[in-house]
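Single-structure report; data block below.
One-based numbering, in listed order, for ligands and for the atoms of each.
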Amino acid sequence: ESSIEQTAVHDSTNFCKINKDEVIGSTCDVTFKEINEINAKIRPDLLSLVHSDFFKYFKLNLYKQCPFWNDNNGYCVNRACAVDVIEDWEKLPEYWQPEVLGGLADESVEVDGSKDDECAFLDQLCDKARNGIVDQPDFNYCDVGDFHNNESVLVDLTANPERFTGYGGDQSSQIWSSIYRENCFSSDHEDQCLAKDAFYRLVSGLHASIGTHLSNDYLNTETAKWGPNLDLFMARVGNFPDRVANIYFNYAVVAKALWKIQPYLAHLDFCNAYHEDVKSMIESVVSNLDSKIFNENLLFQDQISSSLKDDFRTRFKNVTTIMDCVHCDRCRLWGKVQTTGYATGLKILFEIDSEDEAARQNVVDKLTKYELIALFNTFDRLSKSIESINNFEKMYNEKVQSTGGRILSLFKSNNFFKILGNAGKSLSSSLISNSSEEPNTQDVTATSSITKTETPEAKFQDLKLPTKKVTKKASKNTLGGAWHTEINNVKEAFIFLGKSYLNLPRTLARMALFKLSRAWNNFVGVPNYVNEVENNSNTYQLNIN
Ligand SMILES: Cc1cc2nc3c(=O)[nH]c(=O)nc-3n(C[C@H](O)[C@H](O)[C@H](O)COP(=O)(O)OP(=O)(O)OC[C@H]3O[C@@H](n4cnc5c(N)ncnc54)[C@H](O)[C@@H]3O)c2cc1C
């Protein structure tokens, strides 16, 4: 089943209407437009920052066993994991195989423990506090132990961009549904809704951001070129405004965490030895952020908050651990970076609540360098997603113009770009009004934050359907109508029988020819599957095109 067909089944497109001037959620005092503006301002510096020598390396254990289920199939040994995107992988050249697409550039990976220069310089650049294992396991939203594991490898992120890998099918679906299942909190108090909603949005925003990157850096197997694929983006993300909104929500969450540690970053002496501009790049990125972008205090504010927060932390830690079940190395790498980045952001937002400045500085000092690297790289991923969404919007508008205003059936009529132009209901009000709703963890497209505000005329309004032919069958309700229907049916049955007899000689001749050709192949020693391969040649078509 193609991904397009799957998305057509889930019709969450009509769940909400977004206006670019509305705030992105009840916990965020910032609009889509404002985030676009902030992002345009900080994008160049953020990009340089994550390409700097300090921020471009990440450490992870690629060989860790999946702790949640027995899964030793190996990456994409089962070809089904790719068939929903591209047909007939086997016929594509070696460098297009998912193992290669989803692998890591060898030269950028260093095994930890060796005294190689990369590791050594990273260690020199950091003060001791950030190299040691953090002695506060209770405050961690991810497993920081991986950064000190002997089996971990150091990877150059810039040499392994996050892009389309062909990873998919049952395996990635299983990972995503396990992640969404973590949203089922144990306590059932109604005050947990905002926290539950935030958890869902974080995961969905991560999912949508990955979908945006793989659509933006997509391999066209016909032209062998990498580039944006608007159809794929619309099918995965653009047709679902709630998913786009969740990317903006995640941007706000990570931005607030960066804003919060800004005063304490100045004390850190971590990278200027290697790249003297790094501090000023951090400064110019973070100084453009504002505290109102996200209000973390709304999430855990009453008596039950403490246990709810523990639950939230444990569940998010599980999400980071589920990444060890991802068999595609490239996907696992970026999954780990981003879940670690969110985990670090959450730790900063929810664990630095002391009024004591020294205590705050202490929490920041105890962040490992890999948490900092993950935090900035996650912010860069979200920033890149927002930049891509704006580019896709231009492509979308051009496509709509070139088709004379008619939107292709693939682009749902209430998709993100379409409704941005409309003065719709604010997402924030839908968040508040629907905050008691349970997210449906079976259908992961459902969101607790979205209300069904669909108007019947908005649906399919720009689809031009052929006018229905009025058939004689319309008069079926009367006795005469029923008689006509019966006579027609009998007539059609006779016509069918007659045609079958007429076609009989041709059908028999074809069958004889087929049997003869098989017998001949057997006789000369050609295996039977050759015929099938020839029949299927030149079918390296993408489902989505
Ligand atoms: C951790 C991880 C990292 C990955 N990284 C990459 C990568 O770098 N490159 C790459 O090409 N592939 C990557 N993948 C695979 C990719 O995410 C998809 O799983 C794959 O492309 C198959 O997509 P799909 O259309 O079948 O649906 P999936 O994306 O697998 O989604 C499954 C179902 O979830 C629902 N859904 C989809 N998006 C959302 C959302 N944002 N919010 C709520 N519900 C949603 C839909 O109902 C959908 O049918 C990664 C997968 C995982 C688990």
Contact region, Tyr200 to ligand 1, non-hydrogen atoms below 4.0 Å, reads side chain
Should one rank Ala208, Ser172, Gly169 by closest heavy-atom distance to atom 18 (C) of ligand 1, which comes out on top? Ser172
Ligand 1 to Ser173 polar contact by distance, N or O atoms, under 3.5 Å: no
Under 4.0 Å from ligand 1, counting heavy atoms only, is it the side chain of Trp176, its backbone, both or neither? side chain
For the backbone of Asp242 and the side chain of Asn246, can you confirm whether one donor and one acceptor N or O come within less than 3.5 Å of each other? yes
side-chain contact (heavy atoms from CB on, under 4.5 Å) partner of Asn250, the single match among Phe379, Phe294, Tyr342: Tyr342
Per-atom contacts of ligand 1 with Tyr180, taking only distances under 4.0 Å to non-hydrogen atoms: 39 (C), 40 (C), 42 (N), 43 (C), 44 (N), 45 (C)
Under-4.0 Å heavy-atom contact with ligand 1, by part of Phe240 that carries it: neither
Would you mind running through ligand 1 and noting each atom that sits below 4.0 Å from a heavy atom of Phe164? 11 (O)
We want to know whether Ser209 and Ser385 form a side-chain donor-acceptor pair, criterion being a heavy-atom distance below 3.5 angstrom. yes
Polar proximity ligand 1 side, Glu162 side, N/O cut 3.5 Å exclusive: no
With backbone taken as N, CA, C and O and side chain as the heavy atoms from C-beta onward, which portion of Ile210 lies under 4.0 Å from ligand 1: side chain, backbone, both, or neither? side chain
Here the atoms of ligand 1 under 4.0 Å from any heavy atom belonging to Arg163 are 7 (C), 8 (O), 9 (N), 10 (C), 11 (O)
List every atom of ligand 1 that sits less than 4.0 Å from any heavy atom of Ser204, numbering the atoms from 1 in the order shown and giving each element. 40 (C), 41 (N), 42 (N), 43 (C)
Please check this pair: side chain of Asn377 against backbone of Phe55, looking for a donor-acceptor N/O pair closer than 3.5 Å. yes
